[in-house]
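Have a look at the structure below, then the notes.
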Amino acid sequence: MEYVPILAERERIAEDILTNKQLIIDYDRTRNANREALNKLKKEKDEKKVWVNLGEFFIKMDKNNVKTYIEKDQESLDSGISSLRETVKEKMAELEKLETGDDKISKGFKLRGISSDELYNITK
């Protein structure tokens with residue numbers, strides 16, 4: 001009965017994929033909230049200190065410090081999302097390999113987006 005371990009492995013990989021996709025959604029929501037906060041900070045021209053919610057506390061902090069903190073958080077979220085997307089691609093390839101028994105990976109799994117530099121060079 002070697003079929004049962006294969007099914008268990010497929011189930012584990014599929015669950016990892018779903019968990020990672022949900023994490024991507026959660027990180028993206030946080031990233032959108034951060035973007036809204038940065039836009040709000042840009043509109044607050046005359047304020048030097050702003051109120052910030054840090055967990056259970058509201059603290060009045062220097063606007064520049066808050067902006068720096070949010071930008072660092074954005075970078076961290078962006079790298080986390082990129083990492084999770086790569087992990088999802090790898091897990092999908094692994095799942096396809098288990099399902100088909102074939103070592104060949106579909107061409108669609110290796111696709112990546114065009115960077116702004118590549119797009120600029122294309123339009124020249």
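All figures in this text were calculated on a predicted structure; none of them were measured in a lab.
The distance from the CD atom of E94 to the CD1 atom of I13 is 3.5 Å, given to the nearest 0.5 Å. Atom CD1 in I70 sits 11.0 Å away from atom CG in N65 (nearest 0.5 Å). Residue L84 holds its CG atom at 10.5 Å from OG1 of T19, rounded to the nearest 0.5 Å. In this structure, CD1 on I24 lies 8.0 Å from OG1 on T87, to the nearest 0.5 angstrom.
Scanning for salt bridge (Lys or Arg N to Asp or Glu O under 4.0 Å) contacts around D62 gives an empty result, with sequence neighbours left out. Remark: I59 pairs with L54, F57, M61 by the side chain to side chain contact (heavy atoms under 4.5 Å, CB included) rule, at least two apart or across chains. Listed by chain and number, the residues in a salt bridge (Lys or Arg N to Asp or Glu O under 4.0 Å) with E90 amount to none (sequence neighbours excluded).
For the pair S83 (side chain) and S79 (backbone), a donor-acceptor distance under 3.5 Å is absent.
No more than 12 heavy atoms of other residues, nucleotides or ligands shown are found within 6.0 angstrom of CD on E15. Other residues, nucleotides and ligands contribute only 12 or fewer heavy atoms inside 6.0 Å of the NZ atom of K67.
Screening residues 23-49 for side-chain hydrogen bond (donor to acceptor under 3.5 Å, both in side chains) gives Q22-D26, D28-R31, R31-D78, N32-R35, N34-D73, N34-Q74 as the qualifying pairs, with residues at least two apart or on separate chains. Residue pairs meeting the salt bridge (Lys or Arg N to Asp or Glu O under 4.0 Å) criterion with at least one partner in residues 4-14, sequence neighbours excluded, are E9-R12, R10-E99, R12-D16.
One hydrophobic cluster, built from ILVMFWY side chains closer than 4.5 Å, holds both V88 and L98. The cluster map of Ile, Leu, Val, Met, Phe, Trp and Tyr, joined by side-chain heavy atoms under 4.5 Å apart, puts M92 and L18 in different clusters. Side-chain heavy atoms closer than 4.5 Å link hydrophobic residues (I, L, V, M, F, W, Y) into clusters, and following such links, even through other members, never connects L41 to L77.
Grouped by direct or indirect side-chain proximity (heavy atoms under 4.5 Å, Ile/Leu/Val/Met/Phe/Trp/Tyr only), W51 sits with F58.
Taking the side chain as every heavy atom from C-beta outward, K60 and V50 never approach each other to under 4.5 Å.
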